[in-house]
Number of protein chains: 2
Amino acid sequence: MVKKKNILVVEDDKNISKLLRYNLEKSGFNCFSVITGEDALEFLDVSPVDLIILDVMLPKMDGFETCKQIRKEDNLAAVPIIFLTAKGEEVDRIVGFELGADDYVVKPFSPRELILRVKAIINRGKPVEDDRTILSVGNLVVDIARHKVLVEKKEVLLTMMEFKLLVLLLKRIGRVQSRESLLNDVWDISSDVTTRTIDTHIKRLRQKIGRSAGMIETVRGLGYRFKDDEE
Amino acid sequence: MVKKKNILVVEDDKNISKLLRYNLEKSGFNCFSVITGEDALEFLDVSPVDLIILDVMLPKMDGFETCKQIRKEDNLAAVPIIFLTAKGEEVDRIVGFELGADDYVVKPFSPRELILRVKAIINRGKPVEDDRTILSVGNLVVDIARHKVLVEKKEVLLTMMEFKLLVLLLKRIGRVQSRESLLNDVWDISSDVTTRTIDTHIKRLRQKIGRSAGMIETVRGLGYRFKDDEE
DNA sequence: TTTTATGTGTCAAAAAAGTGACATCACTGT
DNA sequence: ACAGTGATGTCACTTTTTTGACACATAAAA
């Protein structure tokens, strides 16, 4: 599981701030919010974030000024910033790079759009991992992009959890995975699933992959392991 | 002497942009360059070109979105576009792009190769896209240019959204498309539609293509996938 | 044999997808 | 301007599938 990205929202309208926080959290980001530009600088001083959403119209120091101050800090100069602006506000200055904004969204905005833009920026430049990766061991073939699993050339239908579990075991082939680590990596960190539940999923997985079931080995007292290509 | 062809380069990296301009000019093209997708649209609005070289990773509006916007303009819908993409970037989206890139080049590229591709497309007169205008899978035939769909030789009338959705699924045949990604590529980023809306469109699409409905597979927890016609 | 860790069948709750109905909105032709 | 039409997006409700948890059966250590 990838580490969650941190986002700082600088917005004086409580409602908007709350709306943003709600949506960002829902999309899997850690979200912090402050009211003023000064607060923002103070906050950033101690805990840098991965992206900043900055309202243009703020009490005292406005968004532009705040942005400029942020850019002054060496370790913050490269942090992506998305401006929130009311319609008709000085879009020109934002667009013109003068301030090094990475994007801007006009209020009233749709949360979905904002989230998309945030994701676009966060993921910018990152190759799409996993996509089109095909894992193949023994008579087992797993195509991640297609979400297909073949056992001896025949397709086997796996559910999400089974699929994830299988992929993880394959990626860490040969190494024992404790139930705890499987929980961490296959399930959400926050989920409160019993470790024994994993056994149930392993059972189902073994049933479905039939002939290859033996490839998933039980390591008593430790966890499970996908057998390294047999000899 | 034939009139020189005009080419627009949309690229935010100054060096690459310069390199391109130099080589294109040397090969006898008129070359213009802009930094952002927005600039590109503005430029094209007043002076249409014969070909566009478009970086995928741009500040603010990315290459995909820019392409979508360009294709929206009637007089620009047919302009050939070559994408510049970093290795590992979403080639998938490019080849399967609903609005169709004409070609793409992976960075770092050799100027010579790019020039060759540019010439190939300019001289072809017709973009590569035309070759693939007709998608045919099983008993389903989709003619993109004519916006016609045949199921078992009989025409089926699809609405715009249904059509786009179908084409996208077909171009990415076999690969699972998440609702999110469908929203991104079939709808506009600014449009604010629920992911569940896609289900409704899928439903309607399935109804209309009748016998072939089964070709659109549901992948629980992930999205939809058009059945690969193998085995 | 006793103890402990896994394997398994079953079940209810939860999650995801299918579907029909309805409200809008943009167009069309009158 | 206005009713008529069809495309779209949302919702509420239904149906289907997946998941997590147990209780009990088994197999491995001690």
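In what follows, every chain begins at residue 1, and chains take the letters A, B, ... in the order their sequences are listed.
- Relative ring orientation between A:His201 and A:Trp187 is described as perpendicular, the plane-to-plane angle rising above 60° on a 0-90° scale split at 30° and 60°.
- Protein atom CG of B:Leu205 is 16 Å distant from nucleotide atom C1' of C:dA17, rounded to whole Å.
- Taking atom CD of residue A:Glu217 and atom C1' of nucleotide D:dA28, one finds them 16 Å apart after rounding to whole Å.
- Checked by distance alone, B:Arg196 brings a side-chain donor or acceptor within 3.5 Å of a matching partner on the base of C:dG18.
- Scanning both residues, A:Ser181 and A:Arg172, for their nearest heavy atoms gives OG-NH1, 4.4 Å.
- Summarising the geometry, the separation between CD1 on B:Ile198 and P on D:dC11 is reported as 15 Å, rounded to the nearest angstrom.
- An OP1 or OP2 oxygen of D:dG9 is reached within less than 4.0 angstrom by no side-chain nitrogen or oxygen of B:Thr200.
- Comparing A:Met161 and B:His201, the nucleotide of DNA chain D nearest to each residue sits closer to the 5' end for B:His201.
- A:Tyr224 and A:Arg179 form a side-chain donor-acceptor contact under 3.5 Å, judged by distance and modelled atom types alone.
- Look at B:Thr218 and you'll find a side-chain N or O under 4.0 angstrom from OP1 or OP2 of C:dG18.
- Between the B:Glu162 side chain and the B:Thr159 main chain, a donor and an acceptor come within less than 3.5 Å of each other.
- Proximity of A:Thr194 to the phosphate of D:dA21: a side-chain N or O atom is located under 4.0 Å from OP1 or OP2.
- Here D:dT17 presents its C1' atom at 14 Å from CE of A:Met160, a figure rounded to the nearest Å.
- A donor-acceptor contact closer than 3.5 angstrom links the side chains of A:Thr36 and A:Asp39.
- The side chain of A:Thr159 places an N or O atom within less than 4.0 Å of a non-bridging phosphate oxygen (OP1 or OP2) of D:dT19.
- Taking atom CG of A:Asp199 as the reference point, atom C1' of D:dT26 lies 13 Å away to the nearest angstrom.
- At C:dT19, none of the side-chain N or O atoms of B:Gln207 fall inside 4.0 Å of OP1 or OP2 (strictly under the cut-off).
- Atom CD in A:Glu180 sits about 12 Å away from atom P in C:dA5, given to the nearest Å.
- Within the nucleic acid shown, A:Leu222 comes within 4.0 Å of sugar-phosphate atoms alone, with no base atom in reach, counting heavy atoms only.
- Phosphate proximity of C:dA16 to B:Tyr224: absent, as no side-chain N or O sits under 4.0 Å from OP1 or OP2.
- Put simply, A:Trp187 has no side-chain N or O that comes within less than 4.0 Å of OP1 or OP2 on D:dT19.
- Note: CZ (A:Arg206) to C1' (D:dT26) measures 14 Å, nearest angstrom.
- With hydrogens and angles ignored, no donor-acceptor pair under 3.5 angstrom links the side chain of B:Arg204 to the base of C:dG20.
- Along DNA chain C, the nucleotide closest to A:Arg220 and the one closest to B:Val219 are compared, and the more 5′ of them pairs with A:Arg220.
- Atom pair A:Lys203:NZ and D:dA25:C1' shows a separation of 12 Å (rounding to whole Å applied).
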